[in-house]
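Just so it is clear: chains get the letters A, B, ... in the order the sequence lines come, proteins before strands, and each one is counted from 1. Any value given below was found using the heavy atoms of this structure, including those in side chains, with hydrogens, waters and symmetry copies removed.
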Number of protein chains: 2
Amino acid sequence: MSESGAAVRNTRQRSAVSALLAEVEGFHSAQDLHAMLRDRGERVGLTTVYRTLQGLADAGEIDVMRPPGGEHLYRRCSEGHHHHLVCRACGRTVEVAGPTVETWADRVAAQHGYTDVSHTLEIFGTCPTCTP
Amino acid sequence: MSESGAAVRNTRQRSAVSALLAEVEGFHSAQDLHAMLRDRGERVGLTTVYRTLQGLADAGEIDVMRPPGGEHLYRRCSEGHHHHLVCRACGRTVEVAGPTVETWADRVAAQHGYTDVSHTLEIFGTCPTCTP
DNA sequence: CCGCGTAACGAGAATGATTGTCAAAAGCGC
DNA sequence: GCGCTTTTGACAATCATTCTCGTTACGCGG
Ligand SMILES: [Zn+2]
Ligand SMILES: [Zn+2]
Ligand SMILES: [Zn+2]
Ligand SMILES: [Zn+2]
């Protein structure tokens with residue numbers, strides 16, 4: 001158990017997904033990314049795309065967003081805790097940090113006796129480019 | 001076109017769902033509520049439960065939450081904009097208002113030139129009762 | 001109190017993203 | 001190269017939600 005040999009193997013498919021995530025801008029769905037890989041000529045199964053994205057998300061290397069009424073969206077983000085300001089039209093995303101919000105959330109939860117606190121926060125709007 | 005006769009009809013099923021929502025505590029899924037109605041002896045189709053909940057949500061009479069990796073949850077809430085502090089274990093919910101958060105979100109969005117701003121914020125934790 | 005037109009219902013089928021299956025393919029340490 | 005594992009991927013399965021469409025029944029005259 002614990003560590004030992006090669007826990008994670010280096011495969012062509014994993015590299016392809018990682019490389020793609022490094023190049024694309026904004027959030028994209030698994031199916032979306034799968035289609036992009038196909039267009040690039042990379043042959044990667046849809047199941048593998050899902051698995052890889054899950055792995056990266058679990059490892060904290062990418063962020064997952066669940067927009068109202070849509071599929072899961074994935075994006076390579078900077079490290080550390082942050083939130084997203086997302087354009088409804090084009091998906092352009094700005095990472096924002098809100099230390100005040102974090103402490104506020106924790107304090108509110110504590111006041112009501114809640115422990116093991118986490119939170120989700122997303123801001124949606126129309127970016128300058130998409131404003132008519 | 002426009003308005004005229006009875007746009008919304010008063011049915012036994014709609015009343016049953018509304019009444020149930022008035023009595024239960026916390027957030028519940030459509031399937032959950034459907035089962036409760038069945039146990040009560042009320043005969044209401046699952047499709048109708050979904051439709052009624054959607055209608056109530058659109059009318060702003062109930063709140064919808066989409067917890068990570070689960071079904072939609074519905075709850076009769078108080079009026080006005082607020083957020084939720086939810087217990088992961090039992091679903092106990094506290095409504096919280098965060099004026100600071102609202103203004104912060106709007107300000108951040110404005111700083112980046114985003115307009116027509118909205119946001120989603122939920123706090124999750126383990127309530128005192130569910131803490132071992 | 002009766003009939004109609006229409007909104008609402010509901011059983012079952014359809015959808016569609018995500019997950020499970022499992023035999024075949026391919027890393028990696030030796 | 002060898003062999004042991006991990007990983008892959010075509011396909012089936014899951015499952016909440018939505019769609020279909022014939023049936024029911026609300027509500028407003030008459
Ligand atoms: Zn991010
Ligand atoms: Zn609420
Ligand atoms: Zn609890
Ligand atoms: Zn708010």
Nearest-Å distance for atom pair CZ/P, residues A/Arg38 and D/dG9: 11 Å

- line: The remaining residues in the hydrophobic cluster of A/Tyr50, counting side-chain heavy-atom contacts under 4.5 Å among Ile, Leu, Val, Met, Phe, Trp and Tyr, are A/Leu46

message: Hydrophobic cluster membership, with links at side-chain heavy-atom distances under 4.5 Å among I/L/V/M/F/W/Y: are B/Val101 and B/Val96 in one?
response: yes

task: Kindly give the cluster partners of B/Tyr74, where membership spreads through any ILVMFWY side chain lying under 4.5 Å from a current member.
output: B/Val17, B/Leu20, B/Leu21, B/Val24, B/Leu33, B/Met36, B/Leu37, B/Val44, B/Val49, B/Leu53, B/Leu56, B/Ile62, B/Val64

task: If a pair satisfies salt bridge (Lys or Arg N to Asp or Glu O under 4.0 Å) and one of its residues is in residues 53-63 of chain B, list it, with sequence neighbours excluded.
output: none

field: Set of residues satisfying side-chain hydrogen bond (donor to acceptor under 3.5 Å, both in side chains) with respect to A/Glu122, sequence neighbours excluded
entry: A/His84

statement: Its contact letters, B for base, S for sugar-phosphate only and - for none at protein heavy atoms under 4.0 Å, make nucleotides 10-19 of chain D read BB----SBBB

task: Grab the CZ-C1' distance between B/Arg9 and C/dG10 for me, whole Å please.
output: 16 Å

statement: Residues at least two apart in sequence or cross-chain that pass side-chain hydrogen bond (donor to acceptor under 3.5 Å, both in side chains) with B/Arg76, listed by chain then number, are none

message: Closest approach to the side chain of B/Asn10, judged atom by atom: which nucleotide of C/dG10, D/dC26, D/dT7 is it?
response: D/dC26

statement: residues 34-54 of chain B vs salt bridge (Lys or Arg N to Asp or Glu O under 4.0 Å), sequence neighbours excluded, gives B/Glu23-B/Arg40

Salt bridge (Lys or Arg N to Asp or Glu O under 4.0 Å) partners of residues 80-108 of chain B, not counting sequence neighbours, each pair once: A/Asp116-B/Arg88, B/Arg75-B/Glu95

query: For the helix from C/dC1-D/dG30 to C/dC30-D/dG1, what angle lies between the axis at the first five pairs and the axis at the last five pairs, to 10 degrees?
result: 30°

Qualifying ring-ring contact (aromatic ring centres under 6.0 Å, His included) pairs with a residue from residues 96-132 of chain A, counting only residues at least two apart or across chains: A/His81-A/His119, A/His83-A/His119

query: Taking DNA chain D as the partner, which of residues 11-28 of chain B come within under 4.0 angstrom of it by heavy atom?
result: none

Residues in side-chain contact (heavy atoms from CB on, under 4.5 Å) contact with A/Ala35, at least two apart in sequence or another chain: none

